[in-house]
Each structure stands twice: as C-alpha cells, then as structure tokens.
Amino acid sequence: MARRYRFGVFTFDGRSGELWKDGRSIKLRPQPARLLELLVDHAGTLVEREKIQRAIWNPDVQVDYDVGVNRCIRQIRGALLDNADAPLYVQTVARRGYRFIAPVERLEEEPVNGHPRGLNAEATERLLPQGVQAAAHPLRAFLRYWPLFSACLVALAAWYRYENRSHLSANFKIVPLASYLGYEYCPTFSPDGRQVAFVWNGEGQNNFDIYVKLAGSPRLLRLTTDSAIDYGPAWSPDGRWIAFCRGTEHPGGALWVVPALGGPERKIIDLDESANPSNRPVSWSSDSKSLVLASSIKPRSKHGLKLVDVSTAKIRQLTFPAAEEDDSYPAFSPQGDKIAFTRDSGKGFSSLYLLPFRPNLVSPLRPKRLDWPGFQDTAYGHAVWTPQNGHLVFESSSGGPHRLWIAADKRNAQPAVLASLGENLSNAVVSSTGRLAYAHSNFNSNIWRIDLQDSIAGNSAEEHAQNGRKIKRAAQLTSEFLDCTAERNRALCAPVAVRTVASTRDDESPALSPDGQKLAFASDRSGFTEIWVSNLDGSDPMQLTFLQHLAGSPAWSADGQQILFDSREEGDAHLYSIAASGGEPTKLMAGTGVLPVASPDGKWIYFSSRASGSMQIWRMPQAGGSAQQMTTLGGFGVKLSPDCRFA
C-alpha cells in the first residue's frame, strides 16, 4: 500500500495513523486508522466487512466484529466530519461494506521530521492545540476522572478543542462520566471547566435539586435542598454565582442565585411558570451583571426574552414574538454581543434566532432567523456557543434521529452533524475550555395488546395455576403487577399484555380496523414519522405515507377502506385521508385540524381545531362539506360511543 494520501482538505499517514487537516493533526485510534488506510487505498472500490475484519483484527482475537467495525466507521466519520446520510468520504453499502468515494491522491514524498512536507516542526507546534502537543496519556487520565452527570438512561460527555473560527476539531474522546439512578438534566460548567452543576432528583428520586461535582473527586455537593423543583442552573462567567429557577407543577416560582460554593440563596424576581426539570431558561451576560430569561414573570408579562439586572431586579423586554410563538433556551455568546435562542412557531417546528445585544441600548434590536438550508421546516434549536464567537452547537431531528449539529452563525452556513457522537442527544453544553457535555437517552415506545376475551370461566385448579403463571410472566414483561382476582364463582380475570408492534424507533398511536384484523399506527422507523399499517399481531408492516413530515393520529373510516390522519406537511396541521391499501393522500379540507375520528355510522369525521380561536371539537360530513363547531367551552381528542349517541 501507499502509506500517505491526500483527499479533500485532509492528508493521511497510514504509518503513524495521523490525519492532518489544514496543518492540524487529528489523532485516530489504531483500529480506525488501519481501517481508514484500507479504505483510501481501495478508493472507489467496495471493501466488504469480511475483508475489514481480516485486516483489522488478528484471527485469535475474540471480539464482536460487527460492533467493532461500526465503531471504527463512526470514529472515522467523526474525524472527517462526514455525514452517513449524505457522505462526502465514506459511503455505506447496506449489509456488505463500505466504499471511499472521494478522489484520493497517493503521495510519494516523505514527511519532514514527522510532519507533512511544507510544514516545519516549529510551524506545526503552533498549529497544534495546546495540551495535544504533549503525550496523550496525561490528557486521557484527566478525562477518565472528569465527573459529570447522566440523564434518563445514559449520559455521555465529549471534549473537543475549537481551533479557530472556521474549523472544529473532530478529534473527540467520548467517555461515560456518571451513572446515577434517576434523572439528571441541564449541566453547566464553571468558567475554568473543572466543575459542573446540574439538576438531579437525588438518591431517592423524590426531589429535583442543584448539585455540583469537582473534577477528580467522587464527592457530590448538594447545593439546594428546597422541597420545590429547582431547575435550569447557569454558572456566572466570574465563577461566583449559580442562577436557577424554582417552582412546582403549578404556575409560580422564582428566579434565584446562590453562591457557587454554597451559602444563602437570594431571590431575584417572582415567576409565573410551571417548573420543568429539563428546561434551561436563563443565561448570564459576559460581565456577570445580568441574566437573559425565557419565562413568564409576575405579574404575567408579555411573551419573549427579558433582561434581568441581578443587583436591582430591573427587567427589560428583549424580544416580542407573535401570540402563537414562544421564545426559549437563550444563550449569550462568549463575548456578550449576541444572544442565540429558540423560537417555537406553534406550527410543529422551531428555529434558531440571533439577537444582537447592546447593554445600554434602550430599544431592543430585531432578531434574525438562521434559515440554514434543509432546516426551514423542521425542529431545531437549544443552541450553545463554542468558546469563540461564530459557531453554534444545536439539537435537531433533521434527516431522522435527534442529533447534535454545528454551524456558523450565518444565514447561509451549512450545518454539519456531529455523527460520531451518536443519536438521541440533548442538553448539550460547552465549557470555555472547549469541552462538550451532552445527555444520551436510549428509549423508545412500542405498541402492546391485551385480549379482553381471555377471561377464563370454569377453570380447573391446574388451569388456574397455569393462568397464574401467565399473569406472573406478563407482570415481569410490563414491570407492573396485574392485580387479577377470582370473581365470585366462575371467572378469573387474566388478560395478558402482548407486545405487538416493536422496533428500535417509536411506534405509537395504534388504531384498530373495524373488522379487528388490522392495525394502523405512526412510526419513525423510516427516519420520519409516517403512517403504517400491519396485521393485528404486528406482522407484515407496510408504510403508507412518504411525506417526510410529521404525520400521526391515524384512524379508520367506518368501512375500513380509508385511514384518516393529520400531518404538518405544510407547516400547519391538516387532515388527510389515504387508502388502507396505499396510494396518494388526499387533503380533507382547507382548514387546520388534528386527531380525526370517523363516526361508526360512516356519516361524520370529528376532529380538534383552533379555527375559532381556541381548541374545540368540530365535525365535517365524511362525504364532503362544511365543518361545524360542536363545542364552545373547549375540547380536544374526541372519542365516540359505538351507537354515535355520545362523544
């Protein structure tokens, strides 16, 4: 093999395993480096997984090869900032292997003093990030003992070094940092990056408070002890204070600050907001004198972001969203001249906005939407800044699963997915020293079935015992005890829950066909939430819609020939119908609506809509015609009795 290669902006040395980009070294682990050398040496040719296994691992090594290959590919893509869905370098050939698709130039020149020709050692040292020039072992040891938090099931953290305003290093080192039982949310770094504060519901999982951990120490400091819900901590840039919100499930609460080392709390202003442990409503200004707040305050204020002076509690309105919009997740830029925030459109998608900030400006400036290509009609936001102004890390489900992305804060920028970090990521935060922490949640919803006709009458003692064992197995499956007792003299209630539709994605909103033989449901197993249909037992699933927009709430027509559903294909939610055997969807009416339900007599379609200003129940003739409002005091999610007399 040739041992040095150039492709795109990268130069790769197969002997040292070093990948160079614009004079900067990106270190690869030995196995991903060997795999990258194999791919680039066979550029344009399919490299099958079996060949990869023989080249990367010795025959006497016992490993899960598929898992190992997948891990190596993820690390390579992370280093190249490559996207598996739209690859520039490594293309996946399903169930067969991988192909390197970028043009590759084989280099004959030898490196000078271990560095690529054209860069002397002194120049290269200046380009390498501080801390990477030395041996890697102290850095790995430091990271190994860096404590943080876990959210839901799994929490991971990644660190990276931000080189300049144009590039992000992809040399991620990913380590699990904590595995506490319960729920942890919203980490916030201390200014030096050595400590982190976060929300946790404690060892007893009975109350959310603010906790702090120090690097290299297993000890955990509980900063707050109030019986209410504490959420949204934010560490001040001067390191002295941690701001947070406190409240309950009912509107109310307050914005507080507490010394970072512990001490008496000080209330800043009263809020009119329900507490949410995963919410991050505050961010500090760069001078640690003010907080930007995304929350309602008492007395009930206008929607939008507010600037709160920590010393005087003086409030200034910064943004003025429309009535149906909502601004959240503010983030001051490191230099304090911009505020990034998420604006929910109220139509099923959200966007990132940038608000220029001038501390002494009386009239607020107008925020600008970051209309990045491919993100106009999808949900994205919850941004945090990299250590230097100019780039944002944010969450989005664009193209399928929920992942972290990075983009320049310009309207024409092209976001890049941080693919090596994985999927189902949230709660990202970046320290001033360039460490990235995030939460990785691994869960999904499935569809279960209980056959109510399984109640058994006149059983023998042995049959009763068998049914008792069934109940025990069902309880183990569902983690809930099925409290079924023998009825007066004959029947034993023994419904058994059976998992019917399941995948590694979310399967939800099941609807049973009128003849009881088919299921319609919503699933994102194709990458987008679409309408599917299957047999009653979940077999033979078939995708009905291919809208690549949020589609859900399926319901059968009375004759079982059509499936009704709602979709936000055009931004607002509309009602649609599609043949149960497949075909093109048909819009049912011009107005908006959600949660359609066909009446059992086949005459009406009931649905929920805000057409009159508030959410009410409406109906329209199934054969076509004008819609009629059925409720006046509010209504949502109608269900009809079989005789159509009640709803």
Side-chain angles (χ1 to χ4, degrees), residues 84-85 94-95 348-349 377-379 396-403 423-424 441-451 477-478 497-588 593-598 600 605-608 622 637-640:
D85 298 326
R95 295 181 294 278
F349 61 89
D377 296 317
T378 187
S396 177
S397 55
S398 177
H402 208 73
R403 296 177 291 187
E423 302 174 355
N424 301 321
S441 301
N442 185 17
F443 58 89
N444 69 295
S445 59
N446 299 311
I447 295 173
W448 294 69
R449 184 184 80 245
I450 294 179
D451 295 323
L477 281 173
T478 61
V498 178
R499 187 161 56 181
T500 302
V501 177
S503 69
T504 58
R505 302 289 187 175
D506 285 330
D507 305 304
E508 55 195 11
S509 304
L512 189 64
S513 64
D515 62 6
Q517 300 302 307
K518 294 284 187 178
L519 275 178
F521 59 95
S523 176
D524 65 350
R525 61 179 68 185
S526 66
F528 297 91
T529 303
E530 306 280 5
I531 304 301
W532 291 66
V533 66
S534 73
N535 294 329
L536 181 60
D537 61 359
S539 62
D540 296 331
M542 180 178 71
Q543 184 175 344
L544 287 185
T545 65
F546 297 84
L547 302 174
Q548 296 191 355
H549 289 272
L550 183 63
S553 312
W556 293 81
S557 61
D559 59 8
Q561 300 300 307
Q562 299 286 318
I563 294 177
L564 315 175
F565 65 96
D566 55 40
S567 174
R568 299 183 182 274
E569 183 182 14
E570 300 176 0
D572 293 320
H574 289 83
L575 302 181
Y576 293 81
S577 173
I578 190 172
S581 58
E584 288 295 322
T586 301
K587 186 185 292 186
L588 295 180
V594 294
L595 300 173
V597 174
I605 296 175
Y606 289 77
F607 59 96
S608 305
Q622 186 161 321
V638 64
K639 298 295 181 183
L640 300 171

**Item:** Distance-only side-chain donor-acceptor flag, Asp540 / Ser534, under 3.5 Å
**Value:** no
[X]: which residues meet the side-chain contact (heavy atoms from CB on, under 4.5 Å) condition with it, sequence neighbours left out?
{"X": "Thr529", "answer": "Ala522, Asp524, Leu550"}
{"X": "Pro510", "answer": "Ile447, Leu519"}
{"X": "Val597", "answer": "Val638, Leu640"}
{"X": "Gln543", "answer": "Ser526, Glu530, Trp532, Phe546"}

Pairwise side-chain contact, [X] with [Y], heavy-atom cut-off 4.5 Å (strictly under):
{"X": "Phe521", "Y": "Asp507", "result": "yes"}
{"X": "Thr586", "Y": "Ile578", "result": "no"}
{"X": "Ile450", "Y": "Val498", "result": "no"}
{"X": "Gln561", "Y": "Trp556", "result": "no"}
{"X": "Pro585", "Y": "Leu547", "result": "yes"}
{"X": "Leu512", "Y": "Leu536", "result": "yes"}
{"X": "Trp448", "Y": "Asn446", "result": "yes"}

**Asked** Are any side-chain N or O atoms of Ser513 and backbone N or O atoms of Gly560, one a donor and one an acceptor, separated by less than 3.5 Å?
**Response** no
**Request:** Name all residues meeting the side chain to side chain donor-acceptor pair (under 3.5 Å) criterion together with Ser509; count only those two or more places apart in sequence or in a different chain, and write none if there are none.
**Result:** none
**Item:** Set of side chain to side chain donor-acceptor pair (under 3.5 Å) partners for Gln562, sequence neighbours left out
**Value:** Ser577
State, to 0.1 Å, how close [X] and [Y] come at their nearest heavy-atom pair, and which atoms those are.
{"X": "Ser581", "Y": "Leu544", "value": "C-CD2, 4.3 Å"}
{"X": "Ala558", "Y": "Ala598", "value": "N-CB, 4.2 Å"}
{"X": "Ser445", "Y": "Asp506", "value": "N-OD1, 2.9 Å"}
{"X": "Asp566", "Y": "Ser553", "value": "OD2-OG, 3.0 Å"}
{"X": "Ala555", "Y": "Ala511", "value": "CA-CB, 4.2 Å"}

Approximate separation, where rounding is to 0.5 Å, of [X] [atom1] and [Y] [atom2]:
{"X": "Met542", "Y": "Asn535", "atom1": "CE", "atom2": "CG", "answer": "10.0 Å"}
{"X": "Lys639", "Y": "Leu595", "atom1": "NZ", "atom2": "CG", "answer": "7.5 Å"}
{"X": "Leu588", "Y": "Ile605", "atom1": "CG", "atom2": "CD1", "answer": "5.0 Å"}

**Request:** I would like to know whether Ser396 and Arg403 meet side chain to side chain contact (heavy atoms under 4.5 Å, CB included); could you show each step before the answer?
**Result:** CA-CA 6 Å; Ser396 177; Arg403 296 177 291 187; over 6 Å; no
